[in-house]
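Report on one structure; see the data block that follows.
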Number of protein chains: 2
Amino acid sequence: MGTRERRRREVAGREQLFLGAARDLIRQEGLLNLQMSRVAEMCDYAVGTLYQHFVSKEDLLVALASEEAQERVDMFQRVAQWKASTRDRMLGFAVADMLYARRSPEHFRLLQFAFTEVVWTAAPAARRQACIEANAPLRQATLELIDEAVGNGDLDLRGLRPDEFCLAPWALAIGMHSIVHTKGLLEQHGISEPYHLMLRHISELLNGLGWKPLADSTDHAALDALAERICKEVLHAYIC
Amino acid sequence: MGTRERRRREVAGREQLFLGAARDLIRQEGLLNLQMSRVAEMCDYAVGTLYQHFVSKEDLLVALASEEAQERVDMFQRVAQWKASTRDRMLGFAVADMLYARRSPEHFRLLQFAFTEVVWTAAPAARRQACIEANAPLRQATLELIDEAVGNGDLDLRGLRPDEFCLAPWALAIGMHSIVHTKGLLEQHGISEPYHLMLRHISELLNGLGWKPLADSTDHAALDALAERICKEVLHAYIC
DNA sequence: CGCGGATTCTGAATTCGATTCAAATTCTGA
DNA sequence: TCAGAATTTGAATCGAATTCAGAATCCGCG
């Protein structure tokens with residue numbers, strides 16, 4: 001009988017429950033104050049039960065980071081299906097990142113923490129793998145776009161492999177997220193709209209990488225209009 | 001009498017002692033296993049004494065991150081004084097970062113951790129400020145270089161403030177460090193020489209930003225030669 | 001010198017929270 | 001309905017950061 005199967009589903013559902021509670025607690029009181037016992041309590045389960053799902057706090061954190069990846073993946077896939085030039089879609093990924101970061105700043109703080117040696121190393125290997133895989137579609141979408149751009153002549157990789165190429169925008173985005181989410185750094189630089197700048201800089205990077213059609217770096221209005229258009233046409237469902 | 005003064009110096013020296021011990025322990029056993037009691041023990045002091053210098057473990061970590069910043073600052077200043085085009089010096093900063101990251105990968109893991117919400121927030125504000133200031137010369141050197149480039153016509157900021165401009169290479173570098181120091185990420189992408197790529201991508205970014213003289217992105221040999229030259233002429237003292 | 005108060009050091013005791021595990025409970029299949 | 005098997009429970013354990021009451025040391029002065 002399917003009893004065993006039903007049970008499995010119940011248990012899987014509980015995993016979501018725990019992750020949701022953890023997310024809420026983090027939202028309310030910050031990553032710093034997250035306590036395993038509070039997570040269990042909030043779900044009306046004993047701590048021991050929580051530990052059947054996650055062998056350690058680190059395990060839970062990485063699992064949470066994996067689960068939250070899905071929404072960003074959805075946004076990327078939406079952009080990937082957009083009918084527009086390869087270059088505009090590449091910018092679209094950046095816009096997606098920007099919107100997502102505004103919607104869920106906590107997610108980036110969590111990612112930043114989860115990828116830290118201390119946490120990452122302490123999480124079980126299987127969970128780490130799952131986290132990498134949960135984020136893999138972002139990479140996949142980017143690689144496919146790069147292939148398409150190469151195929152139709154928008155882009156010449158100049159001897160790089162697609163993976164090597166996409167490291168550039170990827171690093172720029174990750175770095176920007178790190179900077180934005182470290183309290184006190186931007187204030188010092190007097191920067192108020194970091195993600196707006198990120199778009200500009202990614203556009204300039206794409207110019208430097210020779211992704212056609214090259215954009216006129218002077219024409220700020222055009223870039224803003226493009227970003228606006230991406231928000232309206234493609235990512236309207238995700239605007240905060 | 002100067003007794004009071006001598007004492008102050010002894011105490012300051014002890015701070016270095018503690019930081020040095022912490023650094024060694026981290027090297028040996030990893031950030032994960034750092035214990036306050038071990039740090040004190042290794043210096044033949046009681047834990048209480050350690051806590052007179054650092055009110056918490058986070059305080060110690062951020063202090064360590066600040067102290068270690070000095071060497072990188074030295075490298076940057078060396079590059080800043082190099083007689084070369086503004087653009088080559090900008091590349092030089094990237095080379096310095098690369099060499100430093102190879103020499104002290106632990107430092108970046110520490111920085112990554114220290115800038116994490118959990119640690120950063122838990123450190124006293126004064127210490128955070130000090131850490132930002134310890135790193136400020138990096139920013140300062142970059143801003144001065146940008147000013148010089150603007151002054152002699154190598155660079156047109158296109159309406160950006162220098163701080164906004166330098167966010168681009170800064171984010172790219174930070175992002176690259178994050179990616180490199182997260183175990184398992186690069187393997188997935190099959191990237192073996194990330195910092196080599198970073199130089200290439202920073203050069204392409206500078207092209208996109210219009211920093212003259214523009215480089216020929218096809219000419220890999222030229223870039224390699226430049227990096228080589230910077231190592232030999234400017235940063236020889238820091239090569240591992 | 002030697003003294004009393006101020007300062008600094010000490011490390012055992014406390015605290016806090018993650019993690020464990022023996023007992024209690026619930027489920028399963030016959 | 002019953003004997004295991006599987007799951008859940010939460011009090012007990014453990015580990016490490018942090019504290020703090022007393023011990024030791026220092027300082028300036030008579």
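Here is the naming used below: chain letters follow the sequence lines, and residue numbers restart at 1 for every chain.
Remark: P of D:dA17 and CG of B:L61 are 10 Å apart, rounded to the nearest angstrom. Here the P atom of nucleotide C:dA18 and the CD atom of A:E58 are 10 Å apart, to the nearest Å. Counting to the nearest Å, the P atom of D:dT7 and the CG atom of A:D44 are 21 Å from each other. One can place CZ of B:F18 at 9 Å from P of C:dC9, the figure rounded to the nearest angstrom. Between B:M42 atom CE and C:dG11 atom P the separation is 17 Å, expressed in whole Å. The distance between atom CZ of A:F54 and atom P of C:dT20, rounded to the nearest whole Å, is 15 Å. Atom CZ in B:R14 sits about 8 Å away from atom C1' in C:dC9, given to the nearest Å. The separation between B:Y51 atom OH and C:dG11 atom P is 16 Å, rounded to whole Å.
With sequence neighbours excluded, the residues that form a ring pair (Phe, Tyr, Trp, His ring centres under 6.0 Å) with B:F165 are B:W211. With sequence neighbours excluded, no residue forms a salt bridge (Lys or Arg N to Asp or Glu O under 4.0 Å) with A:E144. Legend: residues meeting side-chain contact (heavy atoms from CB on, under 4.5 Å) with A:S104, ordered by chain and number and at least two apart, are A:Y100, A:H107.
Between A:Q52 and D:dT7 there is no side-chain polar atom (N or O) within less than 4.0 angstrom of OP1 or OP2.
The residue among B:V47 and A:V55 whose nearest nucleotide of DNA chain C lies closer to the 5′ end is B:V47.
In the set C:dT10, D:dT19, C:dA18, C:dA18 carries the atom at the smallest distance from any side-chain atom of A:K57.
Looking only at distances, no side-chain donor or acceptor of A:R127 sits under 3.5 Å from a matching main-chain atom of A:A63.
Remark: C:dA30 base-pairs with D:dT1. Criterion, Watson-Crick or G-U wobble with two distances under 3.5 Å.
Heavy-atom distances under 4.0 Å link DNA chain D to no residue of residues 29-41 of chain A.
By the 30° and 60° cut-offs, the orientation of the rings of B:F115 relative to B:W120 is perpendicular.
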Can you give each donor-acceptor pair under 3.5 Å made by side-chain atoms of residues 168-180 of chain A, sequence neighbours left out, with the distance rounded to 0.1 Å?
| unit_1 | atom_1 | unit_2 | atom_2 | d |
| --- | --- | --- | --- | --- |
| A:H177 | ND1 | A:Y195 | OH | 2.7 |
| A:H177 | NE2 | A:D97 | OD2 | 2.8 |
| A:S178 | OG | A:I174 | O | 3.2 |

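Judged as a ring pair (Phe, Tyr, Trp, His ring centres under 6.0 Å), the pairs with a partner in residues 24-46 of chain B (not counting sequence neighbours) are, in order, B:F18-B:Y45.
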